[in-house]
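Only one structure is covered here, and it is reproduced in the block below.
Only this structure's heavy atoms are used, side chains among them; waters, hydrogens and symmetry mates stay out.
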Amino acid sequence: MVSAVSSQAATLNPLAYMAQADDDTTKQATPDATANYSDRGPATQVSLSQEAIDSLKAAVEQGPDAARQALDAWSQASSERFAASIKLMQATSDANSKKFAIDQANYEIERYDWQQETNEHFAESIKMLQEKAVKWANTTPVPAVQLTEAQIADILKKVASRGIDPSKIGGADNYSFGYEGKIYTFKKDGTAWVNDSGVPISEDQKQLGIKGFAQTIQQASSKIHYPSVSREDLVAQRDALMAQ
């Protein structure tokens with residue numbers, strides 16, 4: 001009875017070989033058969049626990065039909081475990097994608113806040129420059145006054161602690177510094193001059209100053225950028241991701 005069905009059973013699954021335990025011819029045809037039944041090639045190679053092997057052996061002893069049913073049940077369970085593993089992997093992947101999206105949303109919010117702080121900083125600088133520019137443009141030039149030897153000695157004594165040394169003009173034409181609302185200018189010819197801070201000493205200097213203020217204000221204005229999305233929208237997008 002066993003010999004009559006052994007060929008068909010062997011074709012269906014490796015466990016059917018076990019049903020031929022009393023068939024010497026079959027044993028000789030499969031001398032390299034091992035207990036883990038892995039010699040049937042990658043299409044039928046399986047890895048079973050000892051409990052599963054014992055259960056299948058018991059089914060084989062009941063006949064090929066029982067063995068086939070047991071193997072089908074094991075295959076179904078394996079498929080279900082594999083599907084569960086895929087589902088778990090997908091869930092892990094989805095969780096990582098969600099975390100990345102939330103991190104990116106938080107980065108956009110931080111970048112928005114940084115840009116707003118930068119805008120405020122430059123806006124304050126522009127306001128201050130504009131006030132100075134208006135004052136400069138409305139101030140009548142007053143020529144600088146040349147200092148006497150005594151005045152030169154006096155001012156240099158007052159600023160000595162600051163390391164100021166007009167004798168080291170170097171390649172520059174003038175050596176200037178501010179002190180108590182005054183601008184002191186030492187020239188290469190040895191003369192020294194003083195004028196009020198914020199007051200042009202000539203019309204030419206006044207016009208150069210106006211041009212300089214305009215250029216500086218323009219540069220500061222170019223640093224201001226307004227995001228296309230509001231902070232409220234960015235926060236709402238982040239919160240929606242977190243709620244998923």
Side-chain angles (χ1 to χ4, degrees), residues 100-239:
F100 175 80
I102 292 174
D103 289 344
Q104 184 66 24
N106 283 326
Y107 167 76
E108 292 297 333
I109 293 173
E110 292 176 359
R111 185 170 180 272
Y112 180 96
D113 291 340
W114 173 83
Q115 185 62 62
Q116 288 300 99
E117 292 177 1
T118 301
N119 289 348
E120 292 175 2
H121 169 74
F122 281 107
E124 292 176 359
S125 297
I126 291 171
K127 181 180 179 181
M128 180 183 65
L129 287 169
Q130 289 173 333
E131 292 174 350
K132 289 185 176 181
V134 170
K135 182 179 179 181
W136 180 270
N138 293 330
T139 300
T140 301
V142 177
V145 177
Q146 185 174 357
L147 298 177
T148 65
E149 292 295 330
Q151 290 174 322
I152 291 175
D154 180 62
I155 187 59
L156 291 181
K157 181 178 180 181
K158 290 178 179 178
V159 299
S161 61
R162 293 166 55 181
I164 291 175
D165 185 359
S167 65
K168 297 181 180 179
I169 293 179
D173 291 332
N174 301 321
Y175 185 101
S176 298
F177 59 88
Y179 180 77
E180 294 185 349
K182 301 287 185 178
I183 301 297
Y184 294 87
T185 302
F186 288 76
K187 299 184 177 182
K188 276 191 173 182
D189 60 8
T191 62
W193 304 77
V194 62
N195 63 280
D196 291 331
S197 177
V199 178
I201 61 175
S202 67
E203 187 61 31
D204 287 344
Q205 189 190 57
K206 179 177 180 178
Q207 294 305 317
L208 286 174
I210 291 174
K211 184 179 179 179
F213 275 119
Q215 291 177 340
T216 304
I217 290 173
Q218 184 178 11
Q219 291 175 355
S221 298
S222 68
K223 303 296 184 180
I224 295 179
H225 300 286
Y226 296 98
S228 59
V229 181
S230 68
R231 192 180 195 280
E232 290 73 14
D233 289 340
L234 291 174
V235 172
Q237 293 173 8
R238 190 271 313 275
D239 292 347

Partners meeting salt bridge (Lys or Arg N to Asp or Glu O under 4.0 Å) with Asp239 (sequence neighbours left out): none
Polar contact flag, side-chain donor to acceptor under 3.5 angstrom, Gln115-Asn119: yes
Pairing residues for Arg231 by the salt bridge (Lys or Arg N to Asp or Glu O under 4.0 Å) criterion, not counting sequence neighbours: Asp113
Sidechain-backbone polar pair: Tyr112 side chain, Ser230 backbone, donor-acceptor under 3.5 Å: no
Ile164 side chain near Tyr179 side chain, heavy-atom distance below 4.5 Å: no
Test item: side-chain donor near acceptor, Gln219 and Gln215, under 3.5 Å: no
Any side-chain heavy-atom pair of Val142 and Asn195 under 4.5 Å: no
Heavy-atom side-chain contact between Leu156 and Tyr184 under 4.5 Å: no
Flag side-chain contact, heavy atom, 4.5 Å: Gln116 against Pro227: yes
Trp136 side chain to Lys206 backbone, donor-acceptor under 3.5 Å: yes
Under 3.5 Å side-chain donor-acceptor pair for Asp204 and Ser202: no
Main-chain N/O of Gly212 paired with Thr216 side-chain donor or acceptor, under 3.5 Å: yes
Distance, nearest 0.5 Å, that separates CD of Glu108 from CD of Gln237: 9.0 Å
